[in-house]
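Working notes, beginning with the structure itself.
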Amino acid sequence: MNVNEVMAELERKHPGESEYLQAVREVLESIEEVYNEHPEFEKAKIVERMVEPDRIFTFRVTWVDDKGEIQTNLGYRVQFNSAIGPYKGGLRFHKAVNPSMLKFLGFEQTFKNALTTLPMGGAKGGSDFDPTGKSDAEIMRFCQAFMLELWRNIGVDTDVPAGDVGVGGREIGFLNGMYQKLAREYHTGVLTGKGMTWGGSILRPEATGFGALYFVEHMLAKAGKSLKGATIALSGFGNVAWGAAKKATELGAKVIAISGPDGVVYNPNGMTDEKINYMLELRASNRNIVAPFAEKFTDATFTPGKKAWSVKCDIALPCAFQNELNEADAKELLANGTWCVAEVSNMGCTPEAIHTFQAAGILFAPGKAVNAGGVATSGLEMTQNCMHISWSGKEVDEKLHFIMESIHEACVRYGEQKDGTINYVKGANIAGFMKVAQAMLEQGVI
Ligand code: 2IT
């Protein structure tokens, strides 16, 4: 394989799909060396097959807003790869959603799911519906209209969606209610991230953030460092940022910044239970602003238009959106002494930012390893649903710990360099790739 040739061909077929091309290039650059040591992969054209989704469903979603006006959005489900199990991955509701974004996310999901140790293929879906400023009733009607189309293409053993940006427990509830009504199937397992009284798993809401901090703990331990007393800046204030803030605080770190599209909140005294709970209220308000945090808690200050990366911190955790941390941000963090960056959002850093961190020799880990605890706990939710039982919080947490430790070990196994440091990007990409490639090879040309 020659990365530039594969990329030129992909670009020819999908011109301008920048996020998708960026995600594929990052993986191919990491695996090139290993791939070329396996002539059987080359012969089976594994890379050429793996970079294209299996199929994409695109549909119109029409619904009526509170004023009685008719609204039309676009809906999608990208079923990317099913080599190691049924399609699995979240739904994103955000005004910028388009095929490029969902293809990048579905591609990433395929490798991430492979890393979890569980048998799940990769998928992603969503809509350009913007939840900002919508009422709960509008969100319900949109979710119902979305499911009116999606339901035929998903199923317990075929494709199991969950949440992502703009889709949390409330939306999963509306989606699940409509699915059951349409499909007349009352199995609990067609969506994950469900409520606790109707098939949800304890700890699924926390799992992405908790898992990320477990991963960071391992990464720091390996480098002889610790979370205790470390200052953390994280972006976002949604479900993922909430779980990360909660676990980071529990483990003795101080979360000194959260952010939103409107700016950054500097929180020099760190989090309290009340502050952490307030993050949930902020998200549920559908306003998509973080400024009210600093109105409610007077020891915090809000600066409009600034990112979390302007705050001096030991550890930076992007928890919001792709490419939310660019080269200039990376340089600002380094100048302020940051020594660890872990992506909790998918592809949170631009390639230039990653190169800047790697060149500086600081600890860096990619989203598909760091945030895999979310989908892994979705996998645990599916298992409980199939077995018709509910595990205790302790059981789920132990399994999540084990999974994050396994992912860290896989990164070390494939990413250890001659000088003893770990290239986590390479490690995660090769570990995920090897599993999916082997599964594709063994199942023939299909
Ligand atoms: O990016 C992700 O891994 C998620 N949004 C979670 C997907 C899932 O199926 O739980």
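Just follow the structure's listing: the first ligand is 1, and inside any ligand the first atom is 1.
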Phe107/Phe80 aromatic ring centres below 6.0 Å
yes
Within-shell test, Gly163 vs ligand 1, heavy atom, strictly < 4.0 Å:
yes
Which of the numbered atoms in ligand 1 are below 4.0 angstrom from a heavy atom of Asn346?
1 (O)
Could you tell me whether Lys124 and ligand 1 have an N or O pair separated by under 3.5 Å?
yes
From Tyr214 OH over to Leu400 CG, what is the distance, rounded to the nearest 0.5 angstrom?
6.0 Å
Shortest protein heavy-atom distance from atom 2 (C) of ligand 1, along with the residue and atom involved
Lys112 NZ, 3.2 Å
Test of understanding: with side-chain hydrogen bond (donor to acceptor under 3.5 Å, both in side chains), list the residues that count as partners of Lys13, not counting sequence neighbours.
none
To which protein heavy atom is atom 7 (C) of ligand 1 closest, and what is the distance rounded to 0.1 Å?
Gly90 N, 3.5 Å
Looking only at atom types and distance, does a side-chain atom of Ser127 sit under 3.5 Å from a main-chain N or O of Phe93, one as donor and one as acceptor?
no
Looking at Lys88, which atoms of ligand 1 are within less than 4.0 Å of one of its heavy atoms?
8 (C), 9 (O)
May I ask you to list the atoms of ligand 1 that are less than 4.0 angstrom from any heavy atom of Ala162?
8 (C), 9 (O), 10 (O)
In chain order, what residues pass the side-chain contact (heavy atoms from CB on, under 4.5 Å) check against Leu21, with sequence neighbours excluded?
Met7, Leu10, Glu11
So how far is it from Leu150 CG to Cys143 SG, rounded to the nearest 0.5 Å?
11.0 Å
Distance filter under 4.0 Å to Ser378 heavy atoms, resulting ligand 1 atoms
8 (C), 9 (O), 10 (O)
From CA spacing to verdict: side-chain contact (heavy atoms from CB on, under 4.5 Å), Phe357, Leu325
CA-CA 11 Å; Phe357 294 137; Leu325 195 164; 3.7 Å; yes
Give me the residue, atom name and distance of the protein heavy atom closest to atom 6 (C) of ligand 1.
Arg204 NH2, 3.6 Å
the protein heavy atom lying closest to atom 5 (N) of ligand 1 turns out to be Asp164 OD1, 2.9 Å
